[in-house]
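I have placed the structure first, in the form of structure tokens, so that the comments after it can refer back to it.
This one's a predicted model, so the numbers in the text were calculated from it and none came from an experiment. These numbers come from the heavy atoms of this one structure, side chains and all, not from hydrogens, waters or symmetry mates.
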Amino acid sequence: MSRTTDRRGGRDGSPRVVVVDDSPFMRGLISDLLSEAGVAVVGEAGDGEEALSVVAETRPDVVTMDVEMPGMGGLEAVERLMEETPTPVLMLSAHTDEGAEVTFEALDRGAVDFFSKPGGEVSTGVSRESDRLVEAVRSVADADLDAATRERDDPSSAASRSPGAGAEADAADVDGPLTVVIAASTGGPNAVERVLSALPMADCRVVVVQHMPEAFTSRFADRLDAASAYDVREASDGARIGAGEAIVARGGSHTLIDSYRSGRLRVKLDADDDSHSVTPAADVTMRSAAEVIDDPLVGVVLTGMGSDAAEGIRVMADAGARTLAQSEDTCVIYGMPKRAVETGGVDAVYDLDDVAGAIVGGEA
């Protein structure tokens, strides 16, 4: 049942959270994991209807929302919450293809990010991933909900376009075969889709590194393929990418540019060696691109938490690539772009709607 309380406390400055899950055990587990990390759990709810009431009463900084619940489920609850009491939402989704599909729908309806429950015994998996869960909650609590809402509701946004709308864009001339590496994390799925849908067809090949688990990256590639003029697919070991094609780095491994010849890339997938905080890591892909590609190269850092891509963008800049970052005003989380800019390796900063034009326009 629903409950509002401040008994769990929380350190000064910690986010205030409402936990929504139909399982009392899971609500208690998630609440305990968060409170032990100094995050204040101020309410709990067992379904979407209760969640709306608890959120309206407690006005938290973030809501963790389960997807499958009796009565009002997570999808409807997110949509209603955005209308009635706009609050950053972290979806808790199953680590499955079906979980990926419903999670993307939740992001379309207003959720900021998601935490993928590991397979197997759920309680054991969540406990093992407690640090990642806490980091995700803190990140979502800091999200610019206004930027996320503008991105989702703007009639010109990717979410509002008909499938394949990017194909209608005029073809662009670029200075030689162009390779683009795009990095993103929190808030990235919609931002990447918006950039790809606006990117005109050109002698261009695109590599997208979005922080996302393995069960999700194939579905994400399908979404980008439907929204853009480019032929988009999930990266596979040994895959080759030519003009007008794009790949999405597969979750659970790192994507490296293994070779480049006659305008075609060949990629290699490497297992995570625990030397990076995220998998896939944009730093790995960007560094390999800088080492291998001798034709025009562009690095792009979009919304996201953490520092991934900061090292990579610096290496790309040192290799002569053009480097771009998304502006703070249009980021859901101004973490990755900020760290990239702080390295001194970013040539120019653009609002999200201007990124696609900057990629092919050669301006920096």
Heavy-atom side-chain contact between E101 and E105 under 4.5 Å: no
Test log, rule salt bridge (charged side-chain N to carboxylate O under 4.0 Å, His left out), inputs R138 and D142: CA-CA 7 Å; R138 291 185 182 278; D142 290 335; over 6 Å; no
Note, M26 side chain near L92 side chain (heavy atom, < 4.5 Å): no
Reference residue R233; test side chain to side chain contact (heavy atoms under 4.5 Å, CB included); the match among L224, D225, I247, D222: I247
Test salt bridge (charged side-chain N to carboxylate O under 4.0 Å, His left out) applied to R59 and D61, step by step: CA-CA 7 Å; R59 301 286 175 160; D61 300 305; over 6 Å; no
Which residues share a side chain to side chain contact (heavy atoms under 4.5 Å, CB included) with A319, sequence neighbours left out: A290
Full working for salt bridge (charged side-chain N to carboxylate O under 4.0 Å, His left out) between R223 and D108: CA-CA 12 Å; R223 285 172 62 92; D108 285 343; 3.1 Å; yes
Pair E234-T217, side-chain donor/acceptor within less than 3.5 Å: yes
Name each donor-acceptor pair under 3.5 Å that joins a side chain in residues 77-90 to protein atoms two or more places apart or in another chain, with its distance.
| from | atom 1 | to | atom 2 | distance (Å) |
| --- | --- | --- | --- | --- |
| E79 | OE1 | R109 | NH1 | 3.3 |
| R80 | NE | E84 | OE2 | 2.5 |
| R80 | NH2 | E84 | OE2 | 3.1 |
| T87 | OG1 | T85 | O | 2.8 |

Side-chain donor-acceptor pair present, H211, D308, cut-off under 3.5 Å: yes
Side-chain donor/acceptor of E50 to backbone N/O of G46, under 3.5 Å: yes
From CA spacing to verdict: salt bridge (charged side-chain N to carboxylate O under 4.0 Å, His left out), R266, D258: CA-CA 5 Å; R266 183 178 184 275; D258 189 44; 2.7 Å; yes
